[in-house]
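Reminder, nothing fancy here: chain letters follow the sequence lines and each chain counts from 1. For clarity, every value in this text was computed on a predicted model and none was experimentally measured.
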Number of protein chains: 2
Amino acid sequence: MSIKHGLLALLQDGPKYGYQLRGEFEAATGATWPLNIGQVYTTLTRLERDGLVRAASHEGDGRSMYEITDAGRTELAKWFETPVTRESRPRDELAIKLALALAVPGVDVSAVVQRQRMSTMQSLQELTRLKRNSAQGEISWQLVIESMIFGAEAEIRWLDHCEAMLLRHRGTQRAEPQNYQVPDQQEARS
Amino acid sequence: MSIKHGLLALLQDGPKYGYQLRGEFEAATGATWPLNIGQVYTTLTRLERDGLVRAASHEGDGRSMYEITDAGRTELAKWFETPVTRESRPRDELAIKLALALAVPGVDVSAVVQRQRMSTMQSLQELTRLKRNSAQGEISWQLVIESMIFGAEAEIRWLDHCEAMLLRHRGTQRAEPQNYQVPDQQEARS
DNA sequence: CGACACATGTAACACGTTACATGATTTG
DNA sequence: CAAATCATGTAACGTGTTACATGTGTCG
């Protein structure tokens, strides 16, 4: 969903073509999430199919220009108006990993937490370095970096919290199967 | 990737069947991310295709049981050993939205930020309520809730930071196209 | 000329969601 | 019996990734 609307947003500034859209998208987000050029074209095709963009006939200069339609502008406005909710976000792989490490026996949860903490600390340092080096650069991707910094910091705080919880529950609550009660079933097979 | 490995983790505890796997997955994560039953079966099929699980012939009681293979155990161990990196995460839609709201003209960025802040505050309250009501429940999904709380708090801090940045740059740096230099191309069309 | 960036696509695949079909079992 | 729950699938679709094919323009 992000790319679809991202391209729409860039097209609101005027007709653009595929390569240009990738360039501007990466300029705006600091190439934090490199955008595959192939996907730009497939996404444009789908946007055109859905009537949110159309091929701009005039002024191509040899390139395939696209322009946003009224339906596209409406859709884009809706995107900017609607907040990103928790539910709309993808599953958090780290949370799932730790939850399951706790749920199944034979996993050294502390080791998992510590390795993750190390890794997150390292990327936090890397991000801080990036931020420093990119000072007075674009404001938009400055904010993107800071978004990741805030996220990484929260993650470290959470990991510390997890370790504290682990220590507190060491022995108090062992494994605790909690295993989804398997319903009995009386020999039903033919 | 999370679900695939999640199912593997649950299967390490012993042979299970589809419905049971969904139940245990949701028990471990507090049904925070409801797991579609259809996907459990397709994922199991793929895991079997890749040799990470196999159908457990014996003791089915009328259900299709699956068990983890050695290759599956290896893969699972690798999952727990490898930290979740920033790069492996999906694009952050909120960051992209704000970055593009800044990059293209005609978007009321402050309004976007304020709406988002309102929404995030609300889900933060909801999460806090959930946490309180679920006290002394399962430790694993207690941690999942707290993961989301920490994330929401970080998001609010970031949004505040964004507003401060916006105020500071009001007028200083207007729009700043920064628009991916379009290469000239001399009338190349036939 | 040859290498490289620009430019546009297509194909195959992985993952996820929704919806549908089909039965067996349990329970009011 | 009827409805709900348990249980296993399949089909269609959306989105994203990787890789490949193909051609033009620029520059050393």
Atom pair distance, as rounded to whole Å: CD1 in B/I37 and C1' in D/dT10: 14 Å
Residues forming a salt bridge (Lys or Arg N to Asp or Glu O under 4.0 Å) with A/R46, sequence neighbours excluded: none
B/Q114 and B/S110 side chains, donor-acceptor separation under 3.5 Å: no
Between P of C/dA14 and CG of B/L44, the distance in whole Å: 16 Å
B/Q125: side chain to side chain contact (heavy atoms under 4.5 Å, CB included) partners, not counting sequence neighbours: none
Pairs flagged by ring pair (Phe, Tyr, Trp, His ring centres under 6.0 Å) wherever residues 93-127 of chain A is involved - sequence neighbours left out: none
Spacing of B/R22 atom CZ relative to D/dT8 atom C1', expressed in whole Å: 12 Å
Pairs touching residues 73-95 of chain A that satisfy ring pair (Phe, Tyr, Trp, His ring centres under 6.0 Å), sequence neighbours left out: A/H5-A/W79
Pairs where residues 92-132 of chain B contributes a residue and the test ring pair (Phe, Tyr, Trp, His ring centres under 6.0 Å) is met, not counting sequence neighbours: none
With sequence neighbours excluded, residues passing salt bridge (Lys or Arg N to Asp or Glu O under 4.0 Å) with B/R89: A/E155
Selection: residues 72-84 of chain B, any non-hydrogen atom under 4.0 Å of DNA chain D: none
Partners passing salt bridge (Lys or Arg N to Asp or Glu O under 4.0 Å) against A/D108 (at least two apart in sequence or in another chain): none
Protein-nucleotide distance (A/Y19, atom OH; D/dT26, atom P), rounded to Å: 15 Å
Rounded distance (Å) that lies between atom C1' of D/dT5 and atom CD of B/E26: 15 Å
Side-chain N or O of A/Y41 closer than 4.0 Å to phosphate OP1/OP2 of C/dT8: yes
Rounded distance (Å) that lies between atom C1' of D/dG9 and atom CG of B/L47: 16 Å
Proximity to the side chain of A/N36 - top-ranked nucleotide from D/dG9, C/dC6, D/dT18: D/dT18
Phosphate OP1/OP2 of D/dA7: any B/Y17 side-chain N/O under 4.0 Å: yes
Salt bridge (Lys or Arg N to Asp or Glu O under 4.0 Å) involving B/R129 - partner list, sequence neighbours excluded: B/E126
Length of the line joining B/L7:CG and C/dC15:P, which is rounded to integer Å: 12 Å
Nearest-angstrom distance from the residue atom CD of B/E48 to P of C/dA14: 16 Å
Pairs flagged by side chain to side chain donor-acceptor pair (under 3.5 Å) wherever residues 27-41 of chain A is involved - sequence neighbours left out: none
Nearest-0.5 Å distance, CG of residue B/L98 to CE of residue B/M165: 11.5 Å
Between the protein and nucleotides 13-16 of chain D, list the N/O to N/O atom pairs that are separated by less than 3.5 angstrom.
from	atom 1	to	atom 2	distance (Å)
D/dG16	OP1	A/M1	N	3.1
D/dG16	OP2	A/Q39	NE2	3.0
D/dG16	O5'	A/Q39	NE2	3.2

All stems with DNA chain D, defined as three or more consecutive Watson-Crick or G-U pairs under 3.5 Å: C:1-28 with D:1-28
